[in-house]
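Proteins come first, then strands; the chains are lettered A, B, ... in the order of their sequence lines, and each starts at number 1.
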2 protein chains.
Amino acid sequence: MTRIPAGERRAALIEAALRVISRNGIAQATTRAIVAEAGMSLASFHYAFDSRDELIDELIVTVIEHARHAVMPDDLVDGTLVEMLEAGIVRYFDHLRADPEHEQAMLELTQYALRSPERHPMARAQYARYVELAEQSLVVAAERSGSEWTVPVAQAARVLVAFTDGLTLTWLVDRDDDASLAVAHAAAVALSRMAEPR
Amino acid sequence: MTRIPAGERRAALIEAALRVISRNGIAQATTRAIVAEAGMSLASFHYAFDSRDELIDELIVTVIEHARHAVMPDDLVDGTLVEMLEAGIVRYFDHLRADPEHEQAMLELTQYALRSPERHPMARAQYARYVELAEQSLVVAAERSGSEWTVPVAQAARVLVAFTDGLTLTWLVDRDDDASLAVAHAAAVALSRMAEPR
DNA sequence: TTGCAACTGGGTCACCCGACCCAGTTGTCT
DNA sequence: AGACAACTGGGTCGGGTGACCCAGTTGCAA
């Protein structure tokens, strides 16, 4: 028997749950499937959490905190704004292709949260976080390309999140790389028109 | 006892299932919930369908066939391409606002189909249908505004579907009308750049 | 009007689920 | 070394679910 502090055990279960959801969907993420994935017994589950709902809630909070898959243009070579934007989106796209199941899990989690009034705010928080990250990227991109946003950055960020979401959902369905690159390009063009040279 | 031909009975159950899914999500669409919604007994369900899976499959096929919520620019006043595109997207957005649960149900159905290899093709078909509808709209819009697509229309249509999807998902989460109108505008601008005056 | 097939009411069944429980066992602190 | 709390194995329990079944009932064709 390995002794694990309660906190770590909760974290381990949350990670296991995320793996199960990524692999098989949230509907299959039963307490039994989760503890099997984590190599624990049911008793351990209920020792660490009061209920499955509690774990799912905490899982959502965790993924929001860890959201960082960013469309971050750091370490990207400088260029025009459109170029940087497109490069950022393509970078996110690469991330999506590398781990499609994770993004699918995020999507399911959102849909799941949307279904109950108590959890709806969590979905909002998740997207607020996405917008926040997008905003940071946009600020950096404008800065580095010598541009200036002509609309509130938050608004441009919100558009970027919508476009990114659309790219994700459609690609998950048809897995058409070329089409998604076209979407990335179109999105970058549209966003760049919300800024002008400084 | 009212006698109903088997075909109609199946149709009635499918409609009931769609209502249940729209209202409570696919997870709640149990055979019992569906027959209750349709005002039938469980026996009737299994008289009409071999299994719940069979009904869900048929439901997906049905919604694909009936997809028509189009971004259709019919009966829209003519104008520039951008204007017509934006008007079309806004029109879809109005439709979304009028019946958000329906679009949420569509989203869930897609996610559901994505989760099993046998059903993945159904999700593809659903999106192929969306692209087809979008394509028709784009052709009409270009025609009426005296423009010409400089990329294959199918590609532009695929981009439109992605943007529309993103608009849907983000709006369902934050219900921010203004932000979504900004998305619609940006999307229209991006698409219009794939065409030129004829 | 009769007969039959379409249909349904009201069950049963096996299975899975979340929650819970208790008698141990074993690290760890003193 | 002793004791205590953290932890777990191996259950139970009630409730929900999909599938199924059979004895009726009734619309309708002849």
* To do: Taking only heavy atoms on the protein side, list every residue of residues 28-44 of chain A lying under 4.0 Å from any atom of DNA chain D, sorted numerically.
  =>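 Within this stretch, S41(A), A43(A), S44(A) sit under 4.0 Å of the strand.
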Please report the distance, rounded to the nearest Å, between [atom1] in [X] and [atom2] in [N].
X      : N       : atom1 : atom2 : value
F45(A) : dG18(C) : CZ    : P     : 8 Å
I26(B) : dG18(D) : CD1   : P     : 12 Å
Y47(A) : dG11(D) : OH    : P     : 22 Å
D53(A) : dG18(C) : CG    : P     : 10 Å
L55(B) : dT17(D) : CG    : C1'   : 15 Å
I56(A) : dA19(C) : CD1   : P     : 11 Å
E54(A) : dG18(C) : CD    : P     : 15 Å
F49(A) : dT8(D)  : CZ    : P     : 13 Å

* Between R9(B) and dT8(C), does any side-chain N or O lie under 4.0 Å from OP1 or OP2? ->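 Yes, R9(B) has a side-chain N/O under 4.0 Å of OP1/OP2 on dT8(C).
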* Quick one: list whatever passes side-chain contact (heavy atoms from CB on, under 4.5 Å) with E132(A), sequence neighbours left out. =>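 E132(A): side-chain contact (heavy atoms from CB on, under 4.5 Å) contacts with R129(A), Q136(A).
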* Using the test side-chain contact (heavy atoms from CB on, under 4.5 Å), find all partners of D53(B) that sit at least two apart in sequence or belong to another chain. => S51(B), Y112(B), R119(B)
All N/O donor-acceptor pairs, side-chain side in residues 14-23 of chain B, below 3.5 Å, sequence neighbours left out:
residue	atom	partner	partner atom	Å
R19(B)	NE	E37(B)	OE2	2.7
S22(B)	OG	L18(B)	O	2.9
R23(B)	NH1	E37(B)	OE1	3.3
R23(B)	NH2	E37(B)	OE1	2.6

* ring pair (Phe, Tyr, Trp, His ring centres under 6.0 Å) contacts touching residues 154-175 of chain A (sequence neighbours left out) -> F93(A)-W171(A), F163(A)-F163(B)
* Asked: Which residue pairs satisfy the ring pair (Phe, Tyr, Trp, His ring centres under 6.0 Å) criterion with at least one member in residues 177-198 of chain A, sequence neighbours excluded?
  -> none
* Any sub-3.5 Å donor-acceptor pair from R52(A)'s side-chain atoms to A29(A)'s backbone N or O? -> yes
